[in-house]
Amino acid sequence: MSSRDGAGDAPTLERLAASGAFIFDVDGCLVLGDAPGGIGGRAVPGAADLVSGLKRRGARLLCCTNGSGRPPEAYAASLRGHGLDVEDAEMLTPPVIAADWLARERAGATVMVVSGEGVTEPLRRAGVTVVAPDPGTRADVVFVGPVRELTATHVQVAAEAIWAGAEFLVTSYAPAIPGRHGRFASTSAAAAAGLAHVTGAEPTIVGKPSRLVVDVATGRLGCAPEDIVVVGDDPTLDIAVGRAAGAATVLVLSGIVDAGDVAALPESQRPDVVIADVGELLAALTA
């Protein structure tokens, strides 16, 4: 275990385990899945007991994945199948975050979705007007998520909307997501990168490491960012979003990085504490 360099009175794992609010990454942190969002695969040892133990203490928590191929309740159900006591409302995905932001900041906007039901369903539930990338369709926002099939028509229609001034959003721009047998290539990043290349417009990221993640999380957890502990395996996503918001951060080595990578991390991605996996957080909780 190590603490952030130059942090002064740096938090210890034991102090963080006693906190009252947590944001947990899913892939590589709680679950090593067969598909993004903790689908299939297996839970990381100690993950289920940790979630149960935190809830018994009265802690509040959210599980946040950049996976957006399925509605949030499908991811929550998968976590419950792994033995984790996670309610549907405790699942944050980029479309859930976008729905909150669009309803507040872009009320009445028409959103063209280049993705599937994992993106469209949370938006519709929030009252956002959703349209498909069909010829002749106009939109105020183009929102790219995971794609199973991207046609030339989709690219043309989405590009025309962006050229006409539509805002350009993407669920995640991270190139890959860790899984049980390696990494899953991000189709949302691939599709958005293609549109960025042809339009010259850079997408706004809605999922991690966007500050919107913590903005929505603080409302749901009912606390300030500095009262939250962010736990995840990716320094560029989980730790970066926590550091930028002023939250405490815990990096687990069960996913995308190993101990040898930590020393080379820039300050903006350096965690408060580094542990092997969430089993160590469970041990600190029960000590």
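- The backbone N or O of Leu265 sits nowhere less than 3.5 Å from a side-chain atom of Gln269 that would complete a donor-acceptor pair.
- A continuous path of Ile, Leu, Val, Met, Phe, Trp and Tyr side chains, each step under 4.5 Å between heavy atoms, connects Leu30 with Val231, placing both in one hydrophobic cluster.
- Ser186 meets the side chain to side chain donor-acceptor pair (under 3.5 Å) test with Ser188; sequence neighbours excluded.
- Linking ILVMFWY side-chain heavy atoms closer than 4.5 Å, directly or via other members, places Ile275 and Leu32 in a single hydrophobic cluster.
- Residues Pro135 and Thr153 are in side-chain contact: their nearest non-hydrogen atoms beyond the backbone lie under 4.5 Å apart.
- Under a 3.5 Å cut-off, the side chain of Thr93 and the backbone N or O of Thr65 do not form any donor-acceptor pair.
- Contact annotation: the side chain of Leu50 approaches that of Phe24 to within less than 4.5 Å [non-hydrogen atoms, C-beta and beyond].
- Residue-environment remark: CZ (Arg57) exceeds the threshold of 12 foreign heavy atoms within 6.0 Å.
- Expressed to the nearest 0.5 Å, how far OG1 of Thr199 lies from CZ of Phe168 amounts to 5.5 Å.
- For the pair Asp272 (side chain) and Val250 (backbone), a donor-acceptor distance under 3.5 Å is absent.
- At least one side-chain heavy atom of Arg106 sits under 4.5 Å from a side-chain heavy atom of Glu167.
- Contact detail for Gly46 and Val278: the closest heavy-atom pair is C-CG2, 4.4 Å.
- The same ILVMFWY cluster, assembled from side-chain heavy atoms under 4.5 Å apart, contains both Val51 and Leu16.
- Contact detail for Ile162 and Ala201: the closest heavy-atom pair is CG2-CB, 3.8 Å.
- A donor-acceptor distance shorter than 3.5 angstrom exists from the side chain of Asp261 to the backbone of Asp258, with no hydrogens or angles considered.
- For His154 (side chain) and Asp134 (main-chain N/O), no donor-acceptor pair under 3.5 Å exists by modelled atom type.
- To the nearest 0.5 Å, atom CZ of residue Arg183 and atom CD1 of residue Ile256 are 4.0 Å apart.
- When all heavy atoms are compared, the tightest approach of Ser115 to Gly145 is OG-C, 3.4 Å.
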Worked verdict on Thr129 versus Asp140 for side chain to side chain contact (heavy atoms under 4.5 Å, CB included): CA-CA 10 Å; Thr129 301; Asp140 304 300; over 6 Å; no

Verdict with supporting geometry, Val130 and Val119, side chain to side chain contact (heavy atoms under 4.5 Å, CB included): CA-CA 10 Å; Val130 175; Val119 175; over 6 Å; no

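- Side-chain atoms of Glu90 come within 3.5 Å of backbone N or O of Glu87 as a donor-acceptor pair.
- Nearest heavy atoms, Asp277 versus Ser254: CB-CB, 4.0 Å.
- The closest donor-acceptor contact from the side chain of Asp233 to the backbone of Val252 lies at 3.5 Å or more, if one exists at all.
- For the pair Val257 and Pro235, the minimum side-chain heavy-atom distance is below 4.5 Å.
- Looking at Ser68 and Ser172, their side chains never come closer than 4.5 Å, going by heavy atoms from C-beta outward.
- Cluster annotation: Val155 is not connected to Val113 through the hydrophobic network of ILVMFWY side chains, with a link wherever side-chain heavy atoms come within less than 4.5 Å.
- In plain terms, the two heavy atoms of Val198 and Trp163 that are nearest each other are O-CZ2, 3.6 Å.
- For the pair Ser78 and Met91, the minimum side-chain heavy-atom distance is 4.5 Å or more.
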Would you please test Lys208 and Asp25 for salt bridge (charged side-chain N to carboxylate O under 4.0 Å, His left out) and show each step? CA-CA 10 Å; Lys208 296 176 289 186; Asp25 172 50; 2.7 Å; yes

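- Between the CZ atom in Arg243 and the CZ atom in Arg270 there is a gap of 9.0 Å [rounded to 0.5 Å].
- A heavy-atom distance below 4.5 Å is found between the side chains of Ile23 and Leu221.
- To the nearest 0.5 Å, the span separating CG on Leu212 from CG on Asp100 amounts to 8.5 Å.
- Linking ILVMFWY side-chain heavy atoms closer than 4.5 Å, directly or via other members, places Leu62 and Ile228 in a single hydrophobic cluster.
- Put simply, the side chain of Asp27 gets close to the backbone of Gly38: a donor and an acceptor are under 3.5 Å apart.
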With side chain to side chain contact (heavy atoms under 4.5 Å, CB included) as the test, would you mind laying out the steps for Ser210 and Ile97 before giving the verdict? CA-CA 10 Å; Ser210 169; Ile97 295 162; 6.0 Å; no

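- The main-chain N or O of Ala89 is found under 3.5 Å from a side-chain atom of Arg220 such that the two form a donor-acceptor pair.
- Within 6.0 Å of atom CZ in Arg70, 12 or fewer heavy atoms from other residues, nucleotides or ligands are found, so the atom counts as exposed in its surroundings.
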Full working for salt bridge (charged side-chain N to carboxylate O under 4.0 Å, His left out) between Asp88 and Arg80: CA-CA 10 Å; Asp88 291 355; Arg80 290 193 292 271; 3.1 Å; yes

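- Rounding to the nearest 0.5 Å places OH of Tyr173 at 14.0 Å from CG of Leu237.
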Between Leu281 and Leu13, does the side chain to side chain contact (heavy atoms under 4.5 Å, CB included) criterion hold? Intermediate values first, please. CA-CA 7 Å; Leu281 187 55; Leu13 182 60; 3.5 Å; yes

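- With a 4.5 Å cut-off on side-chain heavy atoms, Thr171 and Pro146 count as touching.
- A donor-acceptor pair under 3.5 Å is absent between the side-chain atoms of Tyr75 and the main chain of Leu92, judged by distance alone.
- Taking every heavy atom of both residues into account, Ala48 and Leu84 meet most closely at CA-CG, 4.0 Å.
- In this structure, the separation between CG on Leu150 and CG on Leu195 is 7.0 Å, given to the nearest 0.5 Å.
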